[in-house]
Amino acid sequence: MKTCIAFLLATLGMTMASSQIRAESTAMIQAKLFANPDIWRLSRMTSMECYDEEILRYPVKGCISYVPNSETETQCVVTFIVDHTFDGILYRDEWDAIFRSYGHHGYGNGPEFFSPTSIDVYTDQHLFGSWSYFWVFVADWWNNRIKRLKYNWDTKLWTDMGPITGNGLYRPIDLDYHNGGDFEDETDDHVWVLNNNCLVKLFTPGGDYVMTYGSQGSGVGEFQNPTSLVCGRASSSPDPGFQPYANTNYLYVADAGNDRIVQLKIVGTNLEWYRESSNPLFSEAVDLETDNFGNLWVVLSTGGVLKFTKDLEYLAAFGSEGFGPNQFYDPYCIANVGGPLCVGELLVTESWEDSSGIQRYIPGASIEDVWVTTFQIFDVCRCAISFTLAEYSRVTVEVYNSSDELQWG
């Protein structure tokens, strides 16, 4: 949804003729208007450390959820990461800033994992009261199962709800929880799973098998070395009744072996091949994510991150390989924070020999049109700047004069 926002700016302090002021101010402001043009604004970089000892060794997929509370109108963002090195889950909530772990190597129930590859979390979002638990799904790769866990945020206790197994589930490499649109009713929810053998499988949250899609190859309905899948996400809206975290009827698959991103359409409990976008860069795609505005993000093993519309139209590129700010080395995951504040932060995990960590960013807004109206009160020129947002978002605006001095922001 396009949203028009207008700002009345501070005094520019010019005493020229009105027409000259209008011409110079309009050209200058249009050239200098800043609404996060670099696509992302760096929020902070977090290194997973506990008592001066790094606990994050080889992080793979991760996700971020939150505990909202309608009574206090607050939220607690909780980060969940699966780690190959110690076969378990690392998690941290922002209220106490404590890193915790759950799990160890093994083949049994409860806290036992063998090379987990992906994790997704669903938070119950009833309209009244406090939410204190998460449904956690983990792709337990070597054990050929999806672990179903429940985490109680108040007590910090985990409960094993029984695994999803069988029905051709083999070496699951990625999964995503699909919300049916009603956050008080999980009966229409599903769990999409990407097998290592090029199959996409669908299960209910309770573990019942629904369907299988795909085969190995390069044609329609076929995949070659797929690396990730993600459900589409509904765009945000200023409408207070809108639920921006509900999933759409699209599913995206990174078909790395065929150098393409595939968009599938969910029709009931079946899939239909909808469209694809091909690019040699997609051979390096390791993870996909959709943000609060419906856009699709692709993280590459070479350090870059690409941004697309929900229809696979290219928007922007960000990042490069390296160890500095806005650089990534061996990234493996990109995840959307979400949350009721609609900030839409994104998380990227990195795994490399000497250090591993997480970087978190806030996406910038994209603007389409800018127009300026100026008017003079006595000897003071004032300007009203209006612009159209391509997507609903928070926006930071700064206006500079011709000497690059900040005038307002």
K.L.:
Please tell me if the side chains of I89 and I81 come closer than 4.5 Å, counting only heavy atoms from C-beta onward.
P.N.:
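I89 does not reach I81 side chain to side chain.
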
K.L.:
Give, for atom NZ of K150 and atom OH of Y133, the distance between the pair rounded to the nearest 0.5 Å.
P.N.:
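These two atoms lie 7.0 Å from each other.
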
K.L.:
Test your reading of the model: is there a side-chain donor-acceptor pair from T290 to the backbone of G294, 3.5 Å cut-off?
P.N.:
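No, the answer is negative, given that no donor and acceptor are paired below the 3.5 Å cut-off.
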
K.L.:
Is the shortest side-chain heavy-atom distance between L251 and L271 below 4.5 Å?
P.N.:
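Touching, per the 4.5 Å side-chain cut-off.
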
K.L.:
Do Y107 and N143 have side chains that approach each other closer than 4.5 Å (heavy atoms only, starting at C-beta)?
P.N.:
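A side-chain contact under 4.5 Å exists here.
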
K.L.:
Could you check whether any side-chain heavy atom of N279 comes within less than 4.5 Å of a side-chain heavy atom of D259, counting everything from C-beta outward?
P.N.:
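Sidechains of D259 and N279: no contact.
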
K.L.:
Donor-acceptor check, side chain of S301 to backbone of D330, threshold 3.5 angstrom: yes or no?
P.N.:
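Side chain of S301 to backbone of D330, a donor-acceptor pair under 3.5 Å: no, none is there.
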
K.L.:
Quick check: closest heavy atoms across L296 and L288, and the distance to 0.1 Å?
P.N.:
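Nearest pair, atom of L296 first, then L288: CD1-CB, 4.3 Å.
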
K.L.:
Of the non-hydrogen atoms in F308 and L315, which two are nearest, and what is the gap between them?
P.N.:
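Nearest heavy atoms, F308 then L315: C-CD1, 3.8 Å.
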
K.L.:
If you compare all heavy atoms of D291 against all heavy atoms of R233, which two are closest, and at what distance to 0.1 Å?
P.N.:
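Heavy atoms only, the tightest pair is O-CD, 2.9 Å.
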
K.L.:
When you measure from the side chain of N258 to the backbone of G217, do you find a donor-acceptor pair of N or O atoms at a distance under 3.5 Å?
P.N.:
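Yes; at least one donor-acceptor contact below 3.5 Å.
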
K.L.:
Judged by atom type as modelled, is there a donor-acceptor pair below 3.5 Å linking the side chain of N195 to the main-chain atoms of G168?
P.N.:
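Pair found, side chain donor or acceptor close to backbone of G168.
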
K.L.:
Between Y213 and W192, do the side chains contain a donor N or O and an acceptor N or O under 3.5 Å apart?
P.N.:
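Checked: W192/Y213 side chains show no N/O donor-acceptor pair below 3.5 Å.
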
K.L.:
Tell me the closest heavy-atom pair linking I164 and G207, and the distance in Å.
P.N.:
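Scanning both residues completely, I find the closest heavy atoms to be CG1-CA, 3.5 Å.
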
K.L.:
Okay, side chain of D174, backbone of V230: is any donor-acceptor separation there less than 3.5 Å?
P.N.:
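Not at all, since once roles are kept as given, no pair shorter than 3.5 Å links the two residues.
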
K.L.:
Is any side-chain heavy atom of F328 closer than 4.5 Å to one of V348?
P.N.:
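They are in contact (side-chain heavy atoms under 4.5 Å apart), so the answer is yes.
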
K.L.:
Would you say the ring centroid of W135 lies under 6.0 angstrom from that of Y122?
P.N.:
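They do not qualify: ring centres at least 6.0 Å apart.
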
K.L.:
Mind checking what makes ring pair (Phe, Tyr, Trp, His ring centres under 6.0 Å) contact with Y170, not counting sequence neighbours?
P.N.:
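By the ring pair (Phe, Tyr, Trp, His ring centres under 6.0 Å) rule, Y170 matches no residue at all.
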
K.L.:
Below 4.0 angstrom, N of the basic side chain to O of the carboxylate: do R100 and D93 qualify?
P.N.:
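Salt bridge present between R100 and D93.
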
K.L.:
Rounded to the nearest 0.5 Å, how far apart are CD of Q216 and CD of Q224?
P.N.:
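Between atom CD of Q216 and atom CD of Q224 there are 4.5 Å.
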
K.L.:
Do D189 and Y177 have side-chain N/O donor and acceptor atoms under 3.5 Å apart?
P.N.:
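Judged by distance alone, the side chains do pair up.
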
K.L.:
Find the distance between CG (L194) and OG (S118) and round it off to the nearest 0.5 Å.
P.N.:
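Between atom CG of L194 and atom OG of S118 there are 9.5 Å.
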
K.L.:
Would you say the side chain of T79 lies within less than 4.5 Å of the side chain of Y91, judging by non-hydrogen atoms?
P.N.:
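Contact flag for Y91/T79 side chains = no.
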
K.L.:
Any donor and acceptor pair, going by atom type alone, linking the side chain of S115 with main-chain N or O of W141 inside 3.5 Å?
P.N.:
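No; zero donor-acceptor contacts below 3.5 Å.
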
K.L.:
Given side chains that start at C-beta, do those of Q327 and E321 come closer than 4.5 Å, heavy atoms only?
P.N.:
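No, too far: nothing below the 4.5 Å cut-off.
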
K.L.:
Under the salt bridge (Lys or Arg N to Asp or Glu O under 4.0 Å) rule, what do E276 and R260 come out as? Steps first, then yes or no, please.
P.N.:
CA-CA 7 Å; E276 62 182 79; R260 63 187 178 186; 3.4 Å; yes

K.L.:
Can you find a pair of side-chain heavy atoms, one from T269 and one from L202, that are under 4.5 Å apart?
P.N.:
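The answer is yes, as the side chains (C-beta and beyond) meet within the 4.5 Å cut-off.
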
K.L.:
Write down the atom of L300, the atom of P331, and the distance for their closest heavy-atom approach.
P.N.:
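Taking every non-hydrogen atom into account, O-CG, 3.1 Å.
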
K.L.:
Side chains of Q263 and Y274 only: does a donor on one sit below 3.5 Å from an acceptor on the other?
P.N.:
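Looking only at side-chain atoms, Y274 and Q263 do not form any donor-acceptor pair under 3.5 Å.
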
K.L.:
Would you say the side-chain atoms of H178 pair up with the backbone N or O of T248, donor to acceptor, closer than 3.5 Å?
P.N.:
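Confirmed, H178 side chain pairs with T248 backbone.
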
K.L.:
Is E222 reaching over with its side chain to a backbone N or O of S218, donor-acceptor style, under 3.5 angstrom?
P.N.:
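At least one qualifying donor-acceptor pair exists.
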
K.L.:
Enumerate the residue pairs fulfilling salt bridge (Lys or Arg N to Asp or Glu O under 4.0 Å) with a member in residues 278-287, sequence neighbours excluded, ordered by first and then second residue.
P.N.:
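Every salt bridge (Lys or Arg N to Asp or Glu O under 4.0 Å) pair that includes a residue of residues 278-287, provided the two are not neighbours, is K61-D287.
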
K.L.:
Please check this pair: side chain of N249 against backbone of K265, looking for a donor-acceptor N/O pair closer than 3.5 Å.
P.N.:
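It does not hold such a pair.
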
K.L.:
Can you tell me how far apart CD1 (I261) and CG (D255) are? Round to the nearest 0.5 Å.
P.N.:
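With rounding to 0.5 Å, CD1 (I261) is 8.0 Å from CG (D255).
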
K.L.:
Can you check whether F99 and F80 have ring centres sitting under 6.0 Å from each other?
P.N.:
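Not close enough - the centres of the two rings lie 6.0 Å or further apart.
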
K.L.:
Can you confirm whether or not the ring centre of H105 sits under 6.0 Å from the ring centre of F114?
P.N.:
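Ring centroids of H105 and F114 are less than 6.0 Å from each other.
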
K.L.:
Can you name the closest pair of heavy atoms from I334 and E289 and give their distance?
P.N.:
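Heavy atoms only, the tightest pair is O-CB, 3.4 Å.
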
K.L.:
Would you call the rings of W158 and Y151 parallel, tilted or perpendicular if under 30° counts as parallel and over 60° as perpendicular?
P.N.:
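Because their plane-to-plane angle lies in the 30° to 60° range, the rings of W158 and Y151 count as tilted.
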
K.L.:
Show every salt bridge (Lys or Arg N to Asp or Glu O under 4.0 Å) that has at least one partner inside residues 157-171, sequence neighbours left out.
P.N.:
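Sorted result for residues 157-171: K147-D160.
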
K.L.:
Quick check against the 3.5 Å criterion: does D140 have a side-chain atom that pairs as donor or acceptor with the backbone of R145?
P.N.:
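The answer is no, because no donor-acceptor pair under 3.5 Å joins these two groups.
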
